[in-house]
Amino acid sequence: MTLPSNLKRDPTLPEPATSTAAAPASLPRRHFLHKGAAMAGSAFAAGTMGAGLARGESLAIPEAGKAMGRPIPAKEYGMPSKFEKDYVRVRTNVFVNRQNHSDWSFTPLQYQQGIVTPNGVIYERHHNGTPDIDPDTHKLVIHGMVKQPLVFTMSDLMRYPSVSKFYFMECSGNGLTDWTKPASTTVQQTHGLLSCGQWVGVPFSTLLDEAGLAPGAKWLLVEGADGAGHTRSIPLNKAMSDGLLVYALNGEMLRPENGYPLRAFFPGWEGNVNVKWLRRIKVGDQPWHFRSETARYTDPMPDGKWRQFSMEMDAKSVITNPSGGQKLAGAGFYEIRGFAWSGRGKVAKVDVSVDGGKNWREAALEEPVLDKCLTTFRVPWNWDGRLAVLQSRVMDSTGYVQPTIQEIGVARGIHPYAFVQHHNGIQSWAVTERGEVSNVIAS
Ligand SMILES: Nc1nc2c(c(=O)[nH]1)N[C@H]1C(S)=C(S)[C@@H](COP(=O)(O)O)O[C@H]1N2
Ligand SMILES: [Mo]
């Protein structure tokens, strides 16, 4: 392995215990060199990683070290540093809406560290704003084809045995503006109708067993208490296998915008079925064909018909760093990072290309790799300063491989003005010689 000239050491000196520059000092250098050597000769070669990023020098005592710090208040809900003001969800700047009751905001995925989306930046999607519901008066009813109808208060519900599970949630409208042109500028806009966290709630099966299912029961109606009266039909099998009545997310009660005090959650299925502010479950023998199952949330097929009830989210991945709107500081080492997920199982493999899909290299998947959950992938990349097109492609545990945008567009019979759901095509980010990263559609 050849080091850049500014890193050449005197060969007569003993090897230093920790590297001065070839790798960040906190990381085992030999591991880096081994990996770098394995990749030498490819666009990903990482032999010079870290060059120029770390040098020894003594630091002056900082101002913060000379002053009294902020004392601990008697009580508070802590907030992020005031310097993190870009880590916020934002409404769309593509699909402009004149009012914001039926609207959406996006998760800033380019800043998300690890698989958990902090509650304050989880994307929002609702059809008639956020209601403010008092948990002391909120009730849930289960009725229809059951042996005994049941009504629950929130405190009743929270006494039942609960589970805590990590899952992603994605709105099927994610990517809807970018089928035929790269309209969105950032990964927040292209993929930010996506979140992941630890959901806490009572299994649907527990309460349905208590109500007692009548013979012939096959479907559930789940209805929200919001002004939109949002309602969906859910196959009973799904609810019984892993459906949850969720009251908490990431260590605290649900936020109002995410359904406080109670929402339905069906792992791996399109966000729309996860009815927020849940007030009613009716058991029936067939689906009800609500607005969100006919006029919306359907997929066009090449034969001109529209497919209903495609609720499982297909496997998808995206590079979050580098991503649209960012600027690279010059040629040299970068770690390409991103997320992959599948509504049908685990992430099995992620490949990354830096030449628009001609050559691929397998990314490292970071533990934990969980069922129906965001998975972090990473690839070391030595940018040579020339035009690059970055892409990622996931394969899930069923063997399904993420399609190109052209492939999925043909499968869906896309036409230029269609606002079509369930876009899981491969995302491309172009990096120019000046290091500017932008959204492109690679052919
Ligand atoms: N009651 C109710 N539930 C709802 C909606 C709604 O408008 N009303 N929107 C749905 C849609 S389209 C999505 S993608 C998810 C968004 O959940 P979030 O706002 O917690 O991210 O909630 C779903 N549940
Ligand atoms: Mo959605």
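Numbering of ligands and ligand atoms starts at 1, following listing order.
Relative orientation of the W341 and H191 rings is perpendicular, given thresholds of 30° and 60° on the angle between their planes. By the 30° and 60° cut-offs, the orientation of the rings of F266 relative to F204 is tilted.
Taking every non-hydrogen atom of W277 and a distance limit under 4.0 Å, the qualifying atoms of ligand 1 come out as 1 (N), 2 (C), 8 (N). Close contacts between ligand 1 and V275 involve ligand atoms 3 (N), 24 (N) [criterion: under 4.0 Å to a heavy atom]. Applying the 4.0 Å criterion to heavy atoms of E124 picks out, from ligand 1, the atoms 19 (O). Interface atoms of ligand 1 facing H127, defined by a heavy-atom separation under 4.0 Å, are 5 (C), 6 (C), 7 (O), 9 (N), 12 (S).
Ligand 1 has an N or O atom lying under 3.5 Å from an N or O atom of N274, backbone or side chain. Some N or O of N258 is nearer than 3.5 Å to an N or O of ligand 1, by distance alone. Geometrically, ligand 1 and K276 share a nitrogen or oxygen pair separated by less than 3.5 Å. At least one N/O-N/O distance between Y123 and ligand 1 falls below 3.5 Å. Close N/O approach between R263 and ligand 1 is found [any backbone or side-chain N/O within under 3.5 Å]. Considering backbone and side-chain atoms together, D226 places an N or O closer than 3.5 Å to an N or O of ligand 1.
At least one side-chain heavy atom of R412 sits less than 4.5 Å from a side-chain heavy atom of R307.
Residue contacts with ligand 1: M169 is included, with a non-hydrogen atom under 4.0 Å away.
Distance from atom 15 (C) of ligand 1 to its nearest protein heavy atom, with residue and atom name: G271 O, 3.4 Å. Among all non-hydrogen protein atoms, the one lying nearest atom 4 (C) of ligand 1 is H230 CD2, 3.5 Å. N272 CA, 3.7 Å is the protein heavy atom nearest to atom 10 (C) of ligand 1.
The distance from atom OG1 of T206 to atom CG of L244, rounded to the nearest 0.5 Å, is 9.5 Å.
The one candidate from W288, Y297, W269, W219 that meets the ring pair (Phe, Tyr, Trp, His ring centres under 6.0 Å) condition with F309 is W219.
Geometric assessment of R263 against the ring of W277 yields a negative cation-pi assignment under the 6.0 Å and 45° thresholds.
Neither side chain, S184 nor Q189, offers a donor N or O lying under 3.5 Å from an acceptor on the other. For the residue pair Y160/E210, the side-chain donor-acceptor check at 3.5 Å is satisfied.
Within a 6.0 Å sphere centred on NZ of K349, heavy atoms belonging to other residues, nucleotides or ligands number more than 12.
Less than 6.0 angstrom separates the ring centroid of W199 from the ring centroid of F265.
At a heavy-atom distance under 4.0 Å, atoms from both the backbone and the side chain of C171 approach ligand 1. Of the heavy atoms in Y297, only side-chain atoms (C-beta onward) come closer than 4.0 Å to ligand 1. With a 4.0 Å heavy-atom cut-off, ligand 1 is reached by no atom of V273.
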Going through the distances and angles, do N119 and E252 end up as a side-chain contact (heavy atoms from CB on, under 4.5 Å)? CA-CA 9 Å; N119 289 342; E252 62 181 4; 2.8 Å; yes
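Between atom 9 (N) of ligand 1 and the options E257, R296, R125, the minimum heavy-atom separation is to R125.
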